[in-house]
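What you are looking at is a predicted structure, and each value in this text was computed from that prediction instead of being measured. Just so you know, residue 1 is the first one in the sequence shown, and it goes up from there. Read the numbers this way: they start at 1 and go in the same order the structure lists the ligands and their atoms.
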Amino acid sequence: MSHSYTEENYIKAIYKLSANGSQEVNTNSIAEVLETKAASVTDMLRKLSSKNIVNYVKYKGVSLTSDGERIALKIIRKHRLWETFLVEKLKFNWDEVHDVAEELEHISSSLLTRRLDEFLGFPKFDPHGDPIPSEDGEMKLKKQQLLSDMELGDEGKVVGVNDSQPLFLQFLDKLGIGLGSHIKITDKIRYDNSLEIELNGKKELLLSAEVSKNIFLSA
Ligand SMILES: [Zn+2]
């Protein structure tokens with residue numbers, strides 16, 4: 001069964017807002033993420049509920065059914081495979097791929113997705129370090145923690161980012177930080193929670209709290 005572009009974006013938004021399906025989501029937060037009116041959200045939730053994609057009770061919350069979750073994982077799988085394709089095969093930079101993948105993820109051919117996966121050598125992670133769900137929705141989770149949660153003297157490799165927006169990724173490029181970079185915390189500034197770090201064993205950098213909240217290091 002195929003779903004409209006709009007339906008798929010709702011399913012994806014609910015999946016993300018519910019911390020991967022584990023919590024109930026309220027209508028207003030969906031409206032905010034999709035930049036639409038609460039009334040339109042209500043209409044769409046009724047429609048998705050009649051198709052057994054969401055569990056929806058007016059004035060309470062909404063969550064995905066197991067069908068809904070399966071659809072969400074399929075979209076995420078396509079999104080992340082396309083991002084990988086764009087970076088590895090078409091030489092896009094990691095800050096350039098998200099918006100293009102937002103369009104490509106709606107192509108429904110499962111044969112295309114399977115061939116793409118095979119062509120890429122069945123990658124487990126996308127260019128931002130996010131896990132790529134397999135065809136049956138399995139994801140390889142890695143041990144990671146936010147840089148901002150780590151202690152003085154802790155170190156690790158950058159394995160992912162919590163924010164895939166171009167402005168953030170471009171800033172990391174400017175600092176010379178990418179997946180695989182080695183970071184060691186050499187000072188924690190108590191005044192504003194910024195961190196002084198050593199990058200790849202040499203360069204000393206000061207990272208704001210906002211930046212360190214969006215970098216995952218291997219745990
Ligand atoms: Zn993306």
Listed by chain and number, what are the ring pair (Phe, Tyr, Trp, His ring centres under 6.0 Å) partners of F85, not counting sequence neighbours?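 F85 satisfies ring pair (Phe, Tyr, Trp, His ring centres under 6.0 Å) with W82 once adjacent residues are dropped.
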
Checking Y5 now: which residues fulfil ring pair (Phe, Tyr, Trp, His ring centres under 6.0 Å) with it, not counting sequence neighbours?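 Scan of Y5 (ring pair (Phe, Tyr, Trp, His ring centres under 6.0 Å), adjacent residues dropped) gives H106.
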
Heavy-atom pair of closest approach, residues N93 and E96: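 What the structure gives for the nearest pair is N-OE1, 2.7 Å.
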
Shortest non-hydrogen contact from G68 to I11?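 That closest heavy-atom pairing would be O-CG2, 3.5 Å.
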
Filter on salt bridge (Lys or Arg N to Asp or Glu O under 4.0 Å), then keep only pairs touching residues 4-14, sequence neighbours left out; what's left?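 Qualifying pairs, neighbours excluded: E7-K47, E7-K51, K12-E102, K12-E105.
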
Side-chain contact test, heavy atoms from C-beta onward, threshold under 4.5 Å: evaluate it for F125 versus V159 and give yes or no.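 F125 vs V159: side chains apart.
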
Which protein N, O or S atoms sit under 2.8 Å from the Zn ion (ligand 1)?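 Checking every protein N, O and S atom gives H79 NE2, E83 OE2, H98 ND1.
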
